[in-house]
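Just below is one structure, and these are the notes that go with it.
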Amino acid sequence: MNSKKANIEESRLNYRHLYYYWMVAKAGSLARAAEQLGLTPQTISAQLSQLEQSIGTTLFDLQGRKLIPTEAGRTALRYADEIFLLGEQLWDSLKSAGNEPVLRLTVGITDVVPKLVAHHLLEPVLHLPERVRLICHEGKFETLLADLAIHKLDVILADRPVGPGMSLRLFSHPLGETDLSFYATAALAERYREGFPQSLDGAPFLLPARNAAVRASLDQWFETHGIRPQVLAEFEDTALLDTFGATGLGVFPAQTPLTQDLARRYDAVCLGPIDAVRDQFFAISADRRIRHPGIEAIRMAGQQRLFQPV
């Protein structure tokens, strides 16, 4: 009986060791993780060695001065992400027990969704009657879908629905669609406004990357109007695109309802509408029906602030 108990004890995972591993994997080095944890690198190194000995495999490869997770390490990191996220949620729940409950909403935002659009959609969540803790993650569409499928996220904001060939059981809720216009600094707008849109032939452009759902429609618009854009740069991050546009490097597209925001934040002037090109947005969840009041607030914000119904 004692031998059996000893074997059980040996097989248990030491979560403190796992936490140190998780911190090192996130930081990329022992020194940086040690600084964040307030420990010495030697202490963390010893704890990691014990973890590797207990599981019988190495978790890091040394590449230059950086620690890179091995295949086993990447597996451990995926589980650790979920374990410590759940631990944080448990801590929040226990702290709020007996007090006013906290409504938690974890949102994934695809990198092609404009930051100004995301802001307009998410701001009403913070004005719900309940106490709310809003947590936002940005990433690639496919990565966020995987996180949603294992419930690391409550909802994803995206510019496209879930594809019909996806094996994941996820549901796309249309938020609406919006017109697009071209914008530029005042000096650049003065040069290209007269004769719009034909005046844009040969103009410098800053465009969304080709993984953005709207990019194909923009390319088709250029072809239809006989406009040959001089594409200076392409961006996955729309905030970076707008920032470059504010320097006067080129003309750039944006959602027409954001005209005032773009003028205030980037001193951008509207050149004119991009006819027949519309941008759609979706909330993707693991539930067919929207139950979370935060997700319902996002849906209502889309209808009332930005979008026309699809």
Side-chain angles (χ1 to χ4, degrees), residues 13 15 18-19 21-28 55 57 59-61 67-93 103-115 117-118 121-122 125 133-175 208-216 235-240 279-292 294-296 298-299 302:
L13 178 64
Y15 287 95
L18 181 64
Y19 181 71
Y21 163 74
W22 185 61
M23 290 294 291
V24 173
K26 294 289 187 183
I55 61 177
T57 188
L59 296 173
F60 285 113
D61 284 329
L67 292 172
I68 305 298
T70 61
E71 184 175 350
R74 290 191 293 273
T75 300
L77 184 58
R78 287 196 299 272
Y79 280 99
D81 280 338
E82 188 169 356
I83 287 168
F84 294 118
L85 174 62
L86 289 172
E88 188 177 343
Q89 293 174 352
L90 172 61
W91 178 251
D92 288 343
S93 298
L103 180 67
R104 185 187 182 101
L105 181 65
T106 307
V107 181
I109 306 168
T110 59
D111 48 13
V112 296
V113 171
K115 303 299 186 292
V117 169
L121 291 174
L122 294 174
V125 175
R133 183 176 181 187
L134 178 64
I135 302 165
C136 299
H137 300 277
E138 186 180 28
K140 303 290 184 186
F141 184 66
E142 293 77 11
T143 302
L144 294 177
L145 289 180
D147 287 343
L148 179 63
I150 60 174
H151 304 289
K152 288 177 67 175
L153 301 171
D154 296 309
V155 66
I156 296 171
L157 301 183
D159 66 339
R160 72 198 69 188
V162 178
M166 292 288 293
S167 59
L168 302 174
R169 184 174 172 80
L170 302 174
F171 301 93
S172 303
H173 310 281
L175 296 175
R210 295 191 179 277
N211 63 329
V214 75
R215 178 58 189 272
F235 300 86
E236 291 186 347
D237 187 326
T238 52
L240 189 59
D279 212 355
Q280 294 187 344
F281 295 93
F282 297 84
I284 301 172
S285 73
D287 297 315
R288 185 183 297 275
R289 295 181 61 187
I290 295 177
R291 297 184 176 89
H292 196 296
I295 302 176
E296 176 62 17
I298 291 171
R299 189 184 69 82

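- The line from CD1 of I284 to OG1 of T110 is 8.0 Å long, rounded to the nearest 0.5 Å.
- Annotation for P69 and A25: closest pair CG-CB, 4.4 Å, computed over non-hydrogen atoms.
- Taking the side chain as every heavy atom from C-beta outward, L144 and L148 never approach each other to under 4.5 Å.
- By the 4.5 Å heavy-atom criterion applied to side chains, F60 and V24 are counted as neighbours.
- Not one N or O on the side chain of D287 forms a donor-acceptor pair closer than 3.5 Å with the backbone of R289.
- The line from CD1 of I150 to OH of Y79 is 9.0 Å long, rounded to the nearest 0.5 Å.
- Shown here are the salt bridge (Lys or Arg N to Asp or Glu O under 4.0 Å) partners of D154, two or more places apart in sequence or in another chain: there are none.
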For I156 and L145, run side-chain contact (heavy atoms from CB on, under 4.5 Å): C-alpha distance rounded to whole Å, both residues' side-chain angles, the deciding distance at 0.1 Å, then the answer. CA-CA 8 Å; I156 296 171; L145 289 180; 3.8 Å; yes
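- Two residues are said to be in side-chain contact when any heavy atoms from C-beta on lie closer than 4.5 Å; H292 and L103 meet this criterion.
- Minimum heavy-atom separation, V125 to L121: CG2-O, 4.5 Å.
- For the pair I298 and L105, the minimum side-chain heavy-atom distance is below 4.5 Å.
- D147 places no side-chain N or O within 3.5 Å of a backbone atom of L153 that could act as its donor or acceptor partner.
- In terms of heavy-atom proximity, T238 sits nearest to V113 at OG1-O, 3.5 Å.
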Please evaluate residues I109 and L122 with respect to the criterion side-chain contact (heavy atoms from CB on, under 4.5 Å), reporting the C-alpha separation (whole Å), side-chain torsions for both, the decisive distance (0.1 Å), and the verdict. CA-CA 11 Å; I109 306 168; L122 294 174; 3.9 Å; yes
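- Applying the salt bridge (Lys or Arg N to Asp or Glu O under 4.0 Å) criterion to R160, with sequence neighbours excluded, gives no partner residue.
- In this structure, CZ on F84 lies 8.5 Å from OH on Y15, to the nearest 0.5 angstrom.
- Closest approach of K26 to D81, counting heavy atoms only: NZ-OD1, 3.0 Å.
- For R78, the salt bridge (Lys or Arg N to Asp or Glu O under 4.0 Å) criterion is met by no residue, not counting sequence neighbours.
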Please assess F141 against D111 for the test side-chain contact (heavy atoms from CB on, under 4.5 Å), listing each intermediate value before the final yes or no. CA-CA 8 Å; F141 184 66; D111 48 13; over 6 Å; no
Evaluate side-chain contact (heavy atoms from CB on, under 4.5 Å) for E71 paired with R74, printing each intermediate quantity in order. CA-CA 5 Å; E71 184 175 350; R74 290 191 293 273; 3.7 Å; yes
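- You'll find the side chain of H173 reaches within 4.5 Å of the side chain of S285, heavy atoms only.
- To the nearest 0.5 angstrom, L67 atom CG is 10.0 Å from Y21 atom OH.
- A heavy-atom distance below 4.5 Å is found between the side chains of T106 and H137.
- Using a 4.5 Å heavy-atom cutoff, the side chains of F282 and L175 are not in contact.
- Between P208 and V112, every side-chain heavy-atom pair lies at or beyond the 4.5 Å cut-off.
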